[in-house]
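Working notes, structure below.
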Amino acid sequence: MSNETPPEGEIIEAARRRHRLSQNKAAKAAGISGTRWRQVVKGVASGGTGVVLPTRGNAETVAHMAHAVGVSPDQLAEADRADAADVLRGLELDNATEQESPTLHDGFERSVWADTSLSVDKRLDIIAEYRASRIIEERKKNNGGNDNQQAG
């Protein structure tokens with residue numbers, strides 16, 4: 001077994017150091033224990049007396065760790081953790097809508113966002129297409145249904 005630190009662990013740990021956070025403070029911000037933080041970063045956990053077992057943080061745990069130290073979804077994706085990157089995008093959107101005016105304008109958009117069977121990127125794409133179609137419909141309505149009016 002290799003004792004190599006997983007790529008996501010290296011990225012998260014480098015960001016933690018850059019922000020000069022202790023592992024315990026970073027872990028608290030991520031909502032996990034300091035022990036779990038170290039296990040995920042190093043990719044190993046103690047299995048008893050002298051036994052070391054490989055471990056991998058689940059997507060939600062890694063996303064919360066990344067969020068706590070300012071790692072971006074793109075960085076997680078580059079570290080082969082697209083699963084955690086998707087969760088982190090959702091966390092960032094949730095935080096943005098809590099801090100700013102809501103970005104989900106109607107029931108359709110809220111229902112699309114609530115459909116967790118779709119990836120975050122797919123949900124965002126559907127909402128963007130929906131908004132674009134509404135803009136087109138509004139323009140048609142304002143032009144009396146004629147998008148090809150000629151200047152005269």
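Below, all heavy atoms of this structure are taken into account, side chains as well, without hydrogens, waters or symmetry copies.
- Minimum heavy-atom separation, Ala85 to Pro73: CB-O, 3.2 Å.
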_Trace of the side chain to side chain contact (heavy atoms under 4.5 Å, CB included) decision for Gln39 with Val44_ = CA-CA 5 Å; Gln39 290 170 344; Val44 294; over 6 Å; no
*asked:* Go through it in stages, so that I can follow the logic: the residues are Val69 and Glu13, the test is side chain to side chain contact (heavy atoms under 4.5 Å, CB included), and I'd like the CA-CA distance, side-chain angles, deciding distance and then a yes or no.
replied: CA-CA 8 Å; Val69 296; Glu13 193 61 7; over 6 Å; no
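- In this structure, the side chains of Arg81 and Arg56 come closer than 4.5 Å at one or more pairs of heavy atoms.
- Hydrophobic clustering (ILVMFWY, side-chain heavy atoms < 4.5 Å, transitive): Ile11 and Val87 are in distinct clusters.
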*Test Val71 against Leu76 for side chain to side chain contact (heavy atoms under 4.5 Å, CB included), laying out the working first.*
CA-CA 7 Å; Val71 171; Leu76 286 180; 4.2 Å; yes
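- Heavy-atom minimum distance, Ala84 versus Val62: CB-CG1, 3.7 Å.
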_Intermediate values then yes/no, side chain to side chain contact (heavy atoms under 4.5 Å, CB included), Trp37 and Thr61_ = CA-CA 9 Å; Trp37 180 280; Thr61 298; over 6 Å; no
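- The two residues Ala68 and Ala26 make their nearest non-hydrogen contact at CB-O, 3.8 Å.
- Atom CD1 of residue Ile12 and atom NE2 of residue His67 lie 12.5 Å apart, to the nearest 0.5 angstrom.
- Between the CG atom in Asp83 and the CD atom in Glu60 there is a gap of 11.5 Å [rounded to 0.5 Å].
- For the pair Leu91/His64, a side-chain contact is recorded, criterion being any heavy-atom separation below 4.5 Å from C-beta on.
- The line from CZ of Phe108 to CZ of Arg134 is 10.5 Å long, rounded to the nearest 0.5 Å.
- The two atoms that bring Thr55 and Ala45 nearest to each other are CG2-N, 3.9 Å, heavy atoms only.
- Atom CG of Asn24 has more than 12 heavy atoms from other residues, nucleotides or ligands within 6.0 Å.
- Rounding to the nearest 0.5 Å places NE2 of His19 at 14.5 Å from NZ of Lys25.
- Within 6.0 Å of the CD atom in Gln23, the count of heavy atoms belonging to other residues, nucleotides or ligands exceeds 12.
- Between Arg89 and Asp74, at least one side-chain N (NZ, or NE/NH1/NH2) sits under 4.0 Å from a carboxylate O, which counts as a salt bridge.
- Atom NZ of Lys28 and atom OG of Ser22 lie 10.0 Å apart (nearest 0.5 Å).
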